[in-house]
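All values reported here derive from a predicted model rather than from experimental measurement.
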Amino acid sequence: MSVKVFVVDHGSDDGALELVTHKFGNDKRVKIIPIGRSKNEKRSASKPMNRGIQEIMNQMRNDLDIWVMRLDADDILYNPHVLSKAINMKKQDTLLICGSIIFSNSSKKIASKYYLQEKYATVSKLCKCAAYGFPHHATLIALNLLKTIEKEENSFFCTNIGYGEDFDFSLKLFKNCNDNQIIFTENEFIIKEQSGETITNTISTKNYIKDHIMILLKNSKLSKKFMLKTILWRLLNNCRFCKGVMNRMEAPALKFANSTIENYEIIKRMSGWTEE
């Protein structure tokens with residue numbers, strides 16, 4: 001199996017672009033794509049994701065049996081054999097291969113495995129609300145499915161959504177599949193580091209609600225009741241007088257997922273993460 005890596009640098013100022021260029025600038029397996037970031041640009045992964053997918057489409061549109069996987073700066077492949085092992089699971093008409101994520105928090109020294117519950121692994125349930133708890137990043141996408149989305153949807157990731165752009169994109173994926181074209185597995189695909197500043201833990205409640213309403217309006221099959229409950233959960237979570245209530249309410253995504261505790265030290269060694 002051959003692999004090509006598309007690295008999209010979204011206006012980083014920490015030397016990341018220079019480091020990647022120095023190490024991989026002459027590697028034909030790596031395509032480095034620097035894009036600018038305007039001063040008042042919405043904080044979102046949508047712009048670099050769209051650019052990366054478009055580069056893949058431009059270079060490989062006519063190639064057969066191409067699979068695409070998102071890997072954020074805080075994501076690491078679970079092991080070197082993840083991709084080949086996953087692709088070997090596919091059938092002739094498979095369009096999505098969905099695995100699990102290991103969430104690792106180096107500050108708290110904890111790790112957990114996260115994956116979709118089997119009873120929610122249908123297109124109808126995912127499009128209604130279960131996609132909210134779907135491990136979006138742990139997904140291999142057939143290039144043919146991206147071609148369909150490009151034709152039917154005219155876009156991949158919505159640039160007007162700062163939080164939940166992966167949820168909205170996953171709904172596009174599921175809407176263009178049937179149950180027989182999706183493979184779900186508990187196999188670990190990636191390790192995601194959760195410590196430090198991220199869009200998830202820094203977004204304001206106002207923008208959280210705005211983005212959720214936008215996603216709801218864009219997806220007619222999405223449960224209004226569930227999305228309103230999700231917004232209510234966020235409001236209560238940020239209310240200092242509601243701590244007692246919040247202790248009895250789980251995060252909305254956990255309704256649809258299995259989450260099991262993993263050995264943090266083993267995950268740390270696998271990821272190569274250091275605390276320096």
Heavy atoms from other residues, nucleotides or ligands near [atom1] of [X] exceed 12 (cutoff 6.0 Å):
X    : atom1 : answer
K210 : NZ    : no
N58  : CG    : yes
K42  : NZ    : yes
K218 : NZ    : yes

Within a strict 4.5 Å, meaning less than it, do heavy atoms of the [X] and [Y] side chains meet?
X    : Y    : answer
I231 : I213 : yes
M57  : F156 : yes
N187 : M89  : yes
K192 : Y114 : no
C158 : E165 : no
Q181 : L145 : no
E265 : R269 : yes
E55  : V8   : no

Side chains of K229 and S223, donor plus acceptor under 3.5 Å: no
Which heavy-atom pair separates [X] from [Y] by the least distance, and what is that distance?
X    : Y    : answer
K113 : S100 : CE-OG, 3.4 Å
G133 : F256 : N-CD1, 3.9 Å
I215 : G164 : CD1-O, 3.5 Å
T94  : I97  : CG2-CG1, 3.9 Å

Residues D93 and K91 bridged, charged N to O under 4.0 Å: no
E152 with K175: basic N within carboxylate O range, under 4.0 Å: no
Are [Y] and [X] linked, directly or through intermediate hydrophobic residues, by side-chain heavy-atom contacts shorter than 4.5 Å (ILVMFWY only)?
X    : Y    : result
Y208 : L228 : no
I267 : Y115 : no
Y163 : L217 : yes

K268 charged N/C atom sitting above Y264 aromatic ring, 6.0 Å / 45°: no
Verdict with reasoning, L96 to I141, per side-chain contact (heavy atoms from CB on, under 4.5 Å): CA-CA 5 Å; L96 286 174; I141 309 167; 3.8 Å; yes
Check: F167 ring centroid to Y132 ring centroid under 6.0 Å: yes
Gap between atom CG of D166 and atom OG of S44 - 0.5 Å precision: 9.5 Å
